[in-house]
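These notes concern the structure reproduced below.
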Amino acid sequence: MPTLDDILEHIGEFDLFQKQVFFVLCFMSAAFTPIYVGVIFLGFTPEHHCLSPGVAELSSRCGWSLEEELNYTVPEQGRRGESFSSRCRRYNMDWNTTGLSCINPLENFTGYYGNRSSIPLTHCQDGWVYDSSGSSIVTEFNLVCEDSWKVDLFQSCVNAGFFFGSIYVGYIADRFGRKLCLVVTILLSATSGVLVAFAPSYLWIVIFRFLQGLVSKGSWTAGYILITEIVGPSHRKTVGILYQVAFTVGLLLLDGVAYAIPHWRWLQLTVTLPCFLLLLYYWCLPESPRWLISQKQNDKAMKIVDYIAKKNGKKLPSLINNALVLLPSFTDLVRTPQMRKHTFILMYNWLASSLQYQGLIMHMAMAGEDMYLDFFYSALVEFPAAFIILLTINRIGRRYPWAVATLVAGVACLIMALIPEDIHWLKVTVGCIGRMGITMSIEMVCFVNTELYPTFLRNLGVMVCSSFCDVGGILAPFIVYRLAEIWHELPLIVFAVVGLIAGGLVVLLPETKGKTLPETIEDIYGHCVLQKKTPCCF
């Protein structure tokens, strides 16, 4: 009897119905962008210095320009530890003292004209002044200097949510269906996103951000799995890649919205409220017939397949082959030596891809002259990345383009670290090449991951392996912002090493070009599941 892939060849592999489903699911892929990289704008750290009482009045009386005010009242930047001193320390003196000179007010306190190194400094006891017309969680809660690590924690919390959510959301999708998982996670993600916008304190922001991470990645992945399971094998790779291209479109939209709305609470609301419209998926999306077959619900699967055939204007062939009811288990991911090898390599590549992807975005935003423009340029290169994949995976396969892309990203990070800061255009250009390489790597690991696991285990396998993507996301902000304090280019060296190792491991995976999606573990590894000592098991 025919399989579902055989039937899809008759009723349309990617016809009208599948195109409609794909189109509406792309909105969710784009909506995931603010959750994944929104920290760039929500946690933007502008130039800042300590607020010193009395300075504003003195500056007004003396008619200083902003440059003169900073030069006279902020610790000079030519000394050792200049960045920390100018941003996190102020002169320990009373600027409200009468009779201060407008030419050199510090002379009234020290009696020494010239070197300021002997003037005592103190903490920013009265807060900070930010050189920004907008707002971010940094400016609202003063997450600078000794509290700058809290920005890292803000992003790490959502990635921690991704990590823990990957485990149970993947199980729910494989146990209770893609559609139920999709709708429930969308509702919870949108609700927690609104709560972030109204959070009264930093602690509540972190809590709600974590809750949003618990469910948001699950909805994105469930949508990815759903669309790849209702299209035929000849179009599966294309929709998988274009689904991720929708994420890239979301990057460009986020950049434009963030530029137009530079206040973080309004920005958070603007990118979150439209997500409630995605709850309409309950009425316009089908359950995955492939999942229903794996659960031996053939009658329900046939109704959906019949509906697809009618929408596509095709006739339905004979009944679908019966399948055993298989329940997902974590042990299935490591049941055989081959599965263990594949699972561990996929886990590392998810971690490496996320670490490089998020790390490059953060590093370029931190070092860039124009945050919005640099973000825009680096997002644009994701389009040719998708185009290159579509050109190569049918001609060459998955494995070698994936390995080359990962190695290119690693080498680009290494070259970036060696380019002087004053050649900014070259640094951005190489960074964009690295961004293109790591984008290709993420897109490849995503759909190869789905091709290496059978239907009953597919969502769980993708979620568990991709949970290491979240480990990379947790580490990324700490590596970027903390290691940069030691040496600005040190994070790039770390990304280069991690990427080069990942590229080498990719060649150890099997080629999945031209193969149909497996339904059982035996479909992938054949008799080696049943016989331990056979060549295919090692």
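For the pair Thr221 (side chain) and Gly218 (backbone), a donor-acceptor distance under 3.5 Å is absent. Within the 3.5 Å criterion, the main-chain N or O of Trp350 finds no donor-acceptor partner in the side chain of Ser354. Looking only at distances, a side-chain donor or acceptor of Arg236 sits under 3.5 Å from a matching main-chain atom of Val231. Remark: side-chain polar atoms of His363 are paired, donor with acceptor, to backbone N or O of His488 under 3.5 angstrom. Formation of a donor-acceptor pair under 3.5 Å by the Ser441 side chain with backbone atoms of Gly437 is not found in this model. Side-chain atoms of Thr139 never come within 3.5 Å of backbone atoms of Ser135 as a donor-acceptor pair (strictly under, hydrogens ignored). Proximity of a side-chain donor or acceptor of His263 to a complementary backbone N or O of Ile261 within less than 3.5 Å is not detected. Looking at Glu489, its side chain never comes within 3.5 Å of a backbone N or O of Leu418 through a donor-acceptor pair. Remark: side-chain polar atoms of Arg265 are paired, donor with acceptor, to backbone N or O of Ala197 under 3.5 angstrom. With hydrogens and angles disregarded, a donor-acceptor distance shorter than 3.5 Å links the side chain of Gln18 to the backbone of Gly12.
The distance from the CD1 atom of Ile205 to the CD atom of Gln268 is 9.0 Å, given to the nearest 0.5 Å. Residue Cys465 holds its SG atom at 9.5 Å from CZ of Phe344, rounded to the nearest 0.5 Å. The line from CZ of Arg398 to CD1 of Ile393 is 5.0 Å long, rounded to the nearest 0.5 Å. The structure places CG of Leu278 at 9.0 Å from SG of Cys284, a figure rounded to the nearest 0.5 Å. Interatomic distance, Gln338 CD to Lys341 NZ, rounded to the nearest 0.5 Å: 4.5 Å. With rounding to the nearest 0.5 Å, the separation of OG in Ser288 from CD1 in Ile225 is 9.0 Å.
Crowding of Trp266 atom CH2: a count of heavy atoms from other residues, nucleotides or ligands under 6.0 Å not exceeding 12. Open room surrounds CH2 on Trp204; 12 or fewer heavy atoms of other groups in view lie less than 6.0 Å from it. Tyr259 OH: 12 or fewer foreign heavy atoms inside a 6.0 Å radius. Counting heavy-atom neighbours within 6.0 Å of Phe387 CZ, excluding the residue itself, gives a total of 12 or less. The neighbour count for Tyr348 OH, taken as heavy atoms of other residues, nucleotides or ligands under 6.0 Å away, is above 12.
The salt bridge (charged side-chain N to carboxylate O under 4.0 Å, His left out) contacts involving residues 27-50 comprise Glu47-Arg87, where partners must be two or more places apart or lie in separate chains. Within the structure, every pair that satisfies the side chain to side chain donor-acceptor pair (under 3.5 Å) test and touches residues 242-258, not counting sequence neighbours, is listed here: Thr248-Glu382.
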Could you walk me through whether Phe44 and Trp264 pass the side chain to side chain contact (heavy atoms under 4.5 Å, CB included) check?
CA-CA 9 Å; Phe44 169 61; Trp264 79 270; over 6 Å; no
Run the side chain to side chain contact (heavy atoms under 4.5 Å, CB included) check on His342 and Leu509 step by step: do they pass?
CA-CA 6 Å; His342 297 168; Leu509 291 173; 3.8 Å; yes
Would you check, one step at a time, whether the test side-chain hydrogen bond (donor to acceptor under 3.5 Å, both in side chains) holds for Gln358 with Tyr36?
CA-CA 9 Å; Gln358 293 195 45; Tyr36 196 65; 3.2 Å; yes
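One finds a salt bridge joining Glu146 and Arg89 here, because a Lys/Arg side-chain nitrogen approaches an Asp/Glu carboxylate oxygen to under 4.0 Å.
Between Cys124 and Cys145, the sulfur-to-sulfur (SG-SG) separation does not fall under 2.5 Å.
Note: Phe27 and Phe23 have perpendicular aromatic rings, judged against thresholds of 30 and 60 degrees for the angle between ring planes. Between Tyr357 and Phe247, the angle of the ring planes lies from 30° to 60°, which puts this pair in the tilted group.
Contacts of Cys157 classified as disulfide (SG to SG under 2.5 Å), with partners at least two apart in sequence or in another chain: none.
With a 6.0 Å cutoff to the six-membered ring centre and a 45° limit on the axis angle, Lys150 does not count as a cation-pi contact of Phe141.
For Phe375 and Phe41, the ring centers sit closer than 6.0 Å to each other.
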